4 protein chains.
Amino acid sequence: MDAVTHAAAPADQDRKAPGRPRSARADEAIVDAVLDLLAEGNSVDTLSIEAVAARAGVGKATIYRRWSNKEALLLDAFVSLKGAVPPLRGESVREDLLTLVSRVGQNAGIRATRIMSCLLPELQRSKTMQGCFQAVLEPRRAAMREVLQRGIRTGELRPDLDVELAMTLLSGPLLAHHILQFNPRLEKRDLPARVVDAVLAGIGGPALRAGGA
Amino acid sequence: MDAVTHAAAPADQDRKAPGRPRSARADEAIVDAVLDLLAEGNSVDTLSIEAVAARAGVGKATIYRRWSNKEALLLDAFVSLKGAVPPLRGESVREDLLTLVSRVGQNAGIRATRIMSCLLPELQRSKTMQGCFQAVLEPRRAAMREVLQRGIRTGELRPDLDVELAMTLLSGPLLAHHILQFNPRLEKRDLPARVVDAVLAGIGGPALRAGGA
Amino acid sequence: MDAVTHAAAPADQDRKAPGRPRSARADEAIVDAVLDLLAEGNSVDTLSIEAVAARAGVGKATIYRRWSNKEALLLDAFVSLKGAVPPLRGESVREDLLTLVSRVGQNAGIRATRIMSCLLPELQRSKTMQGCFQAVLEPRRAAMREVLQRGIRTGELRPDLDVELAMTLLSGPLLAHHILQFNPRLEKRDLPARVVDAVLAGIGGPALRAGGA
Amino acid sequence: MDAVTHAAAPADQDRKAPGRPRSARADEAIVDAVLDLLAEGNSVDTLSIEAVAARAGVGKATIYRRWSNKEALLLDAFVSLKGAVPPLRGESVREDLLTLVSRVGQNAGIRATRIMSCLLPELQRSKTMQGCFQAVLEPRRAAMREVLQRGIRTGELRPDLDVELAMTLLSGPLLAHHILQFNPRLEKRDLPARVVDAVLAGIGGPALRAGGA
DNA sequence: CGTTAATCGAGACGGTACGTCCTGTCTTCGG
DNA sequence: CCGAAGACAGGACGTACCGTCTCGATTAACG
């Protein structure tokens with residue numbers, strides 16, 4: 001899983017690599033050090049590889065042997081925070097969407113948010129970074145897609161629904177809120193539920209609804 | 001206006017400062033150099049002050065005399081891209097929302113998007129950065145707030161509408177799309193219009209609508 | 001003089017270089033730091049540029065701005081130790097030779113010897129290093145050459161003397177002694193005088209001398 | 001012989017060591033690799049143990065199992081170049097001295113010279129290095145000492161000769177020439193013979209010789 | 001019209017971090 | 001137990017920027 005972003009995966013085959021195997025403890029210690037340093041308020045360019053190495057009790061070369069640059073390391077640190085897709089009850093579409101959407105932007109608390117926002121500039125430029133990012137998001141997007149399609153079948157959602165658009169409508173506001181801190185006036189209480197309900201019901205009033213959309 | 005973020009405003013009073021006045025050409029050249037370098041694919045930490053100085057044909061001290069650090073400079077560059085709030089026809093709420101929302105994430109094309117995403121990491125930590133960011137957004141948020149309240153009065157929008165939530169619902173998906181490149185499968189054609197219409201109408205189907213929300 | 005080995009001489013012409021001029025204090029501090037560290041027992045590869053920079057209270061870049069590598073720096077440090085050619089009385093050839101030869105290998109004490117021996121490996125490979133080395137030695141070789149030629153004229157030396165060979169005969173043994181520590185059994189008292197006298201008189205005995213050479 | 005400098009001689013006793021015996025091929029390959037790399041223009045600190053290991057087709061540990069550091073390895077490489085003391089005819093002192101002295105500084109050609117000059121900096125500081133160096137030189141110094149003493153007895157040399165000084169007078173100039181490249185103007189043809197003859201006869205002229213020395 | 005003073009370009013300064021390379025040790029495997 | 005292979009902690013390399021500083025040269029307004 002992580003190996004995708006590793007500089008050189010140690011063992012793609014069953015073939016045992018010669019020489020001393022890489023230390024699993026070092027892997028952990030490095031990623032932990034990154035997360036600690038970020039949690040302590042470092043930004044992506046305040047965070048130095050040398051500080052990571054020192055904190056992890058590891059030589060710099062041990063880091064560079066695994067990741068080719070700082071971004072790859074941060075990405076893996078980000079990936080390590082992504083928990084599993086939460087299990088869905090499968091009864092109410094609204095309930096399942098809420099389950100999925102409640103985790104947006106707060107999967108592992110502030111850490112994931114911070115690391116994610118650190119990586120955003122890279123997303124604009126690096127195709128590989130985008131690929132990794134999508135690989136992380138895809139499982140939970142697939143889950144949401146399935147819920148939405150189920151909703152169309154059960155009549156809980158409009159039959160002409162654009163599924164991909166709906167996913168963006170549901171996740172986008174919460175991402176903007178958490179990562180971009182888009183609107184400081186927005187009441188934070190029950191935000192996921194309020195977003196889901198509003199997107200389901202629409203914000204249009206009687207005058208508009210009469211005419212349809 | 002810019003002077004807020006300047007290291008030392010040259011003339012707070014009417015009193016004319018003695019000595020040679022600062023060159024306006026340098027100001028321009030520096031900001032232009034920043035924008036050029038970002039447009040050429042630099043990220044926020046690939047972009048070095050020395051490169052900016054070289055590109056602008058300016059000494060480093062001339063930059064530091066105006067901005068105290070790289071972030072302040074980037075922020076001003078960002079601010080310089082923000083155009084005026086677009087004029088609204090004031091007839092249809094849907095039309096005005098579309099006018100406002102069409103510019104989200106693409107105000108001055110790719111440049112604003114790139115610079116904005118570069119600044120996001122700082123937004124997580126710096127209060128002053130957040131303040132500046134909000135100062136830039138506030139005018140167009142005020143405009144949108146006004147449109148939404150008008151919509152409530154005219155019956156085009158629900159009378160119980162949470163205005164701040166609605167703003168996030170309208171802008172968030174487009175921000176997520178442009179800045180986070182959230183969903184690559186999403187059809188890009190007419191996206192602002194489709195977002196506005198879907199948010200207005202809601203995605204809930206007959207089964208759900210019967211029950212209300 | 002030093003400028004020969006400098007990476008980029010700051011002012012070859014009368015034209016004043018633009019920008020802040022290089023600090024003469026840094027020049028001194030760096031060379032002094034090198035000499036101190038060598039005197040404290042460092043060898044050429046124990047001596048790190050970083051240690052030199054730290055000792056001199058100077059950034060590494062300030063060193064690399066002046067010298068392109070460690071050897072060039074060591075060479076300049078060596079050059080800085082070479083004092084002036086000692087003044088000669090001009091009466092007795094033996095006396096003048098002794099004056100010249102007494103300084104061989106101990107010009108500025110142990111420091112010059114140590115630095116010189118550090119540079120020897122480079123002498124084997126670098127033509128520029130050889131050039132600099134010769135440039136340092138040449139003045140005192142010229143002086144010795146003159147003394148030897150005067151000796152031939154006055155009859156103090158053999159009329160058929162090979163001057164260059166004689167210089168090597170006089171200096172070589174002392175160099176070998178000081179730099180190569182060639183013969184630990186050799187009595188060190190009055191060594192320069194004993195060398196000069198033995199070279200003047202020859203070591204051949206009556207049996208050999210009869211036959212000439 | 002070499003074992004003196006080895007990190008751990010595998011079998012000082014008659015006791016046969018258990019396990020796989022060390023490979024003699026590895027010993028050779030390592031020393032050869034050192035000599036090759038030096039011959040290719042490496043200096044003592046350009047030459048890395050890793051390069052030696054790669055060239056020799058050997059693991060680094062195999063080197064460190066035999067030599068404790070780079071200097072010990074270089075010293076052994078140097079020792080391996082030292083041929084036997086050449087046989088002496090024993091008739092003419094001049095002839096025997098010439099035989100001994102002709103090899104000075106050119107025993108195995110350029111390689112010994114280069115390695116020797118690489119080791120000189122270490123000679124200044126390491127007592128063990130000095131010991132090893134002397135151990136290599138001693139046999140040929142003993143031979144020369146014997147020749148000189150024979151010369152005193154036969155009257156070919158002065159009866160009051162300082163033997164140790166004479167050895168330095170004979171070897172020093174050639175060492176200085178070969179290792180220090182002391183005097184580029186010196187005619188190289190027949191240099192050993194010219195040195196021996198000049199040292200035997202002395203460079204003093206009639207005026208000086210009259211007074212004696 | 002010369003003085004004054006802050007500006008300009010240029011670039012050196014003390015530092016920090018980069019990413020690479022090497023040292024000497026270690027840990028795995030196969031012979 | 002030796003062998004190669006190669007990972008390990010550590011540390012120096014030479015480069016690139018940081019933000020500050022010092023130059024000589026402009027460029028106004030003030031006196």
Side-chain angles (χ1 to χ4, degrees), chain A residues 10 16-23 25-26 45-54 56-66 68-70, chain B residues 10 16-23 25-26 45-54 56-65 67-70, chain C residues 10 16-23 25-26 45-54 56-66 68-70, chain D residues 7 10 17-23 25-26 45-54 56-65 67-70:
Chain A
K16 190 63 194 301
R20 177 175 174 174
R22 292 192 181 164
S23 158
R25 291 184 58 246
D45 53 324
T46 310
L47 180 133
S48 70
I49 295 282
E50 295 203 328
V52 173
V58 143
K60 274 198 294 175
T62 300
I63 297 180
Y64 284 109
R65 209 173 283 122
R66 290 162 164 75
S68 54
N69 51 52
K70 202 195 287 187
Chain B
K16 192 61 193 301
R20 176 174 173 175
R22 289 190 184 165
S23 157
R25 292 183 59 247
D45 54 325
T46 310
L47 181 133
S48 68
I49 294 283
E50 294 205 325
V52 172
V58 142
K60 277 199 293 175
T62 300
I63 297 180
Y64 283 111
R65 210 172 282 122
W67 295 276
S68 56
N69 51 51
K70 202 195 286 188
Chain C
K16 188 64 193 302
R20 178 173 171 174
R22 292 191 181 164
S23 157
R25 292 185 59 246
D45 52 323
T46 309
L47 181 131
S48 70
I49 296 281
E50 295 204 327
V52 173
V58 144
K60 275 199 293 176
T62 300
I63 298 179
Y64 284 110
R65 209 173 282 124
R66 290 163 163 75
S68 54
N69 51 54
K70 203 194 286 188
Chain D
R20 176 173 170 177
R22 288 190 182 166
S23 155
R25 293 182 58 247
D45 53 324
T46 310
L47 180 133
S48 68
I49 295 281
E50 293 205 327
V52 172
V58 142
K60 276 198 297 176
T62 303
I63 297 179
Y64 283 111
R65 209 173 282 123
W67 295 275
S68 56
N69 51 49
K70 200 196 288 188

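Naming: A, B, ... by sequence-line order, numbering from 1 per chain. Values in this document were obtained by computation on a predicted structure and should not be read as measured data.
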Just so I know, are the side chains of C/Tyr64 and C/Asn69 near enough to count as touching, which here means a heavy-atom distance under 4.5 Å?
no
State which of E/dG14, E/dC18, F/dA4 makes the closest approach to the side chain of A/Ser48.
E/dC18
Once you round it to whole Å, what is the distance between P of E/dT20 and OH of A/Tyr64?
7 Å
Residue list, side-chain contact (heavy atoms from CB on, under 4.5 Å) with A/Ala51, at least two apart or on another chain
A/Leu37, A/Ser48
How would you list, by chain and number, every residue that makes a side-chain contact (heavy atoms from CB on, under 4.5 Å) with B/Ala26, sequence neighbours excluded?
B/Ser23, B/Val58, B/Thr62, B/Arg66
Indicate the atoms forming the closest heavy-atom contact of D/Gly59 with D/Ala53, along with that distance.
C-CB, 4.2 Å
A/Arg65 CZ to E/dT27 P, straight-line distance once rounded to whole Å:
15 Å
Rounded to the Å, how far apart are C/Arg22 CZ and E/dA10 C1'?
13 Å
Kindly say if C/Ser23 contacts the phosphate of E/dA12, meaning a side-chain N or O under 4.0 Å from OP1 or OP2.
no
Residue B/Asn69, side-chain heavy atoms: nucleotide from F/dC17, F/dG19, F/dC13 that is nearest:
F/dG19
Atom-to-atom span, CZ of D/Arg25 to C1' of F/dG3 - whole angstrom
12 Å
What is the distance, to the nearest angstrom, from the CZ atom on A/Arg66 to the C1' atom on F/dA9?
12 Å
Rounded to the nearest Å, what distance is computed from the CD atom of residue B/Glu50 to the P atom of nucleotide F/dC18?
6 Å
Would you indicate which nucleotide in F/dA4, E/dC13, E/dG9 comes nearest to any side-chain atom of D/Val58?
F/dA4
Among all residues two or more places apart in sequence or in another chain, which pass the side chain to side chain donor-acceptor pair (under 3.5 Å) test with B/Lys70?
none
Going by modelled atom types, is there a donor-acceptor pair between the base of F/dG19 and the side chain of B/Lys60 at under 3.5 Å?
yes
Short side-chain N/O contact from B/Ser68 to OP1 or OP2 of F/dG19, under 4.0 Å
no
Rounded to the Å, how far apart are A/Ile49 CD1 and F/dT15 P?
21 Å
Taking for each residue the nucleotide of DNA chain F bearing the nearest heavy atom, is the 5' side occupied by B/Leu47 or by C/Thr46?
C/Thr46
CZ-CZ distance between B/Arg22 and B/Arg65, expressed to the nearest 0.5 angstrom:
6.5 Å
Heavy-atom nearest nucleotide on DNA chain F taken for C/Ala61 and for D/Ala56; more 5' hit belongs to D/Ala56
Atom CH2 of D/Trp67 and atom C1' of E/dT23 are separated, to the nearest Å, by 17 Å
Write out a two-atom table: protein N or O, nucleotide N or O from nucleotides 23-26 of chain F, distance below 3.5 Å.
unit_1	atom_1	unit_2	atom_2	d
F/dT26	O2	B/Arg20	NH1	2.7

By side chain to side chain donor-acceptor pair (under 3.5 Å) - contacts of D/Asp45 (at least two apart):
D/Ser43
